[in-house]
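What follows is a short report on a single structure.
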Amino acid sequence: MTKLRLAIVGAGPAGIYAADILLKAERKFEVSIDLFEKLPAPYGLVRYGVAPDHPRIKGIINALREVLDTGRIRLFGNVLYGRDITLADLKRHYNAVIFATGAVKDATLAIPGTELPGSYGAADFVSWYDGHPDFPREWPLDHREVAVIGNGNVALDVARTLAKPADDLLPTEIPANVYEGLARSAVTDVHVFGRRGPAQVKFTPLELRELGEMNDVDVIVHDEDFELDAASVAAIETNKQIFVLNKVLNSWRTRERTGASRRLHLHFWAKPVEIVGTDCVEAFRFERTRPDGEGGVTGTGEIREIRVQAVYRAVGYFGSPVPQVPFDERRGVLPNREGQVIDDNHEQVHGVYATGWIKRGPVGLIGHTKSDAMETIRNVINDQANWWLPAAPDEAAVVDLLESRGVEYTDLSGWQRLDQHELALGQAEGRTRIKVVPREEMVHVSRSPLAAAVTDPR
Ligand SMILES: Cc1cc2nc3c(=O)[nH]c(=O)nc-3n(C[C@H](O)[C@H](O)[C@H](O)COP(=O)(O)OP(=O)(O)OC[C@H]3O[C@@H](n4cnc5c(N)ncnc54)[C@H](O)[C@@H]3O)c2cc1C
């Protein structure tokens, strides 16, 4: 029977779901799957994006873990595609590759002042508080007033993490250095800005409601933002989610302030104009907008400024190019037709597929990566006639290759060791888990059984 030797690059939800779906799919060939991940830990943005105080969503990791724990997929962690392994290598050892490399960078916000010290990409802050090994360990939280630009769930995650008392995050899996950083934070006022009105926000109700449930934080909204046009009223009347969001927002209009030590202000109808400052951020300048009658907004010409010392730009994520593979610079994705990667002439690049955020763009929930993967896998299966014909398909050959290059890869048992180690660190302090952050520490624990008992997570 023919065998499909498949490489998947990226062990986030998209890569793991793709492997799972292929293993369970009806097919006329055997499969052998190798999963390459640049980090020593799998799960992508579920581990390094989803907020630590969202344990229910983090719990999706349990389902992903079950897929890996079947032992039917080989995991090669700490292996960077493009450096440790190339497309030529994959062609030599596999019949096809699926790229599931996701997105970790911030989309650009094209206004003056974004380069000023004190202007941060939300993705960088998220990577810090979620303990991503490739980001700085220290985060400057010495500002009192901060702005968060954006009206999606990531903006809410950032605003909530900035406003929430650090001790309320302690029961989560946040790394020790993050707790210490947040505990020292000088933040008193977090201002969240959206270009559109309360009936157009992209929040989900659960995440919005959470803002009002934080200890020692007053949520503040402004009556002037609630003068709604006919389109907004219609949206509230016809869309259940918008109805609920508006109910939550409206309930805050009449809420008494409690004199809490922190305030979270929600501003609508505010189009970013400039991050103002000479040597560092001093203010955020925006233009008031109004509905344009077609579901969008238009500027009113009224410019306002609010004093802040830091600005977090939460205007979306953006995919990064994958070496030796076509890339759509405009959309930040691998150009593809239902997961089949295509070149500039719209011709299929045989053997090369995409799934997840790098296929579709960085929007949508974890669940969406499953339907994505189904489509991609269907095409991998149907394309059998066009698979690569590898010169060295033997499963041992790729291990020899990585070893000959001195790549310190980690495997499934190494990851399980690190996982257990983090759980044990947590248990010792009455917490579920404490993440290990430094990459060398992660690799050390994964690759040496004796290290697990003695290392320091910081
Ligand atoms: C801040 C934030 C909060 C979120 N919160 C939620 C939430 O609460 N609920 C929800 O449903 N969804 C949430 N999401 C969305 C969810 O995280 C994504 O839908 C999902 O992670 C996308 O999966 P993916 O596998 O395509 O990409 P990713 O999760 O990004 O995984 C890609 C993987 O590929 C690896 N990789 C990249 N390049 C290479 C390379 N060259 N070589 C080897 N490996 C590589 C990366 O290290 C990563 O592990 C959130 C997203 C963000 C950014």
Side-chain angles (χ1 to χ4, degrees), residues 7-19 34-61 63-64 75-87 90 97-107 121-130 132-135 150 152-161 203-204 206-207 210 312 314-325 332-334 339 354-373 376 407 409 415 439:
I8 299 179
V9 179
I16 296 178
Y17 282 138
D34 289 348
L35 187 53
F36 295 95
E37 167 57 53
K38 70 177 179 182
L39 298 175
Y43 312 136
L45 285 169
V46 189
R47 183 174 157 104
Y48 292 117
V50 171
D53 58 348
H54 282 174
R56 195 179 54 82
I57 309 290
K58 290 269 187 205
I60 293 176
I61 283 178
L64 300 175
L75 176 67
F76 293 94
N78 203 32
V79 177
L80 177 69
Y81 168 82
R83 181 192 65 194
D84 301 324
I85 194 153
T86 64
L87 192 65
L90 296 180
V97 57
I98 300 177
F99 288 101
T101 49
V104 76
K105 265 189 353 195
D106 285 288
D124 292 349
F125 182 55
V126 167
S127 295
W128 173 73
Y129 70 60
D130 250 344
H132 193 297
D134 296 343
F135 287 77
N153 279 345
V154 175
L156 292 191
D157 284 349
V158 167
R160 196 179 64 253
T161 306
F203 312 138
T204 44
L206 211 62
E207 277 67 25
E210 259 186 297
Y312 291 76
V315 294
Y317 275 53
F318 202 76
S320 301
V322 175
Q324 296 129 23
V325 178
V333 298
L334 304 188
T355 196
W357 271 17
I358 198 63
K359 166 189 179 185
R360 173 167 44 85
V363 281
L365 298 175
I366 298 160
H368 295 128
T369 62
K370 208 176 211 173
S371 36
D372 250 0
T376 298
V407 179
Y409 67 89
W415 158 242
R439 181 184 282 263

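Counting begins at 1 with the first residue of the sequence. Worth knowing before you read on, the calculation uses all heavy atoms, side chains too, and leaves out hydrogens, waters and symmetry mates. In listed order, ligands and their atoms are each counted from 1.
- Formation of a donor-acceptor pair under 3.5 Å by the D372 side chain with backbone atoms of G356 is found in this model.
- The ring pair (Phe, Tyr, Trp, His ring centres under 6.0 Å) search around Y409 returns F76, not counting sequence neighbours.
- When the side-chain contact (heavy atoms from CB on, under 4.5 Å) test is applied to V325, the partners found at least two apart in sequence or on another chain are Y81, F99, V322, L334, V341, V352.
- Residues satisfying the side-chain contact (heavy atoms from CB on, under 4.5 Å) criterion with F318, sequence neighbours excluded, are A107.
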Within the protein, flag every N or O under 3.5 Å from an N or O of ligand 1, and note the pair and distance.
from     : atom 1 : to   : atom 2 : distance (Å)
ligand 1 : 11 (O) : I366 : N      : 3.0
ligand 1 : 19 (O) : W357 : NE1    : 3.2
ligand 1 : 19 (O) : G364 : O      : 3.1
ligand 1 : 25 (O) : P13  : N      : 3.4
ligand 1 : 25 (O) : A14  : N      : 2.9
ligand 1 : 26 (O) : W357 : N      : 2.8
ligand 1 : 29 (O) : L45  : N      : 2.8
ligand 1 : 34 (O) : A100 : O      : 3.4
ligand 1 : 41 (N) : Y81  : O      : 3.3
ligand 1 : 42 (N) : Y81  : N      : 3.0
ligand 1 : 44 (N) : K38  : N      : 3.1
ligand 1 : 47 (O) : E37  : OE2    : 2.6
ligand 1 : 49 (O) : E37  : OE1    : 2.6
ligand 1 : 49 (O) : E37  : OE2    : 3.1

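- The one candidate from T376, T101, T369 that meets the side-chain hydrogen bond (donor to acceptor under 3.5 Å, both in side chains) condition with K359 is T376.
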What's the verdict on side chain to side chain donor-acceptor pair (under 3.5 Å) for D134 and S127, showing C-alpha distance, side-chain angles and the deciding distance? CA-CA 8 Å; D134 296 343; S127 295; over 6 Å; no
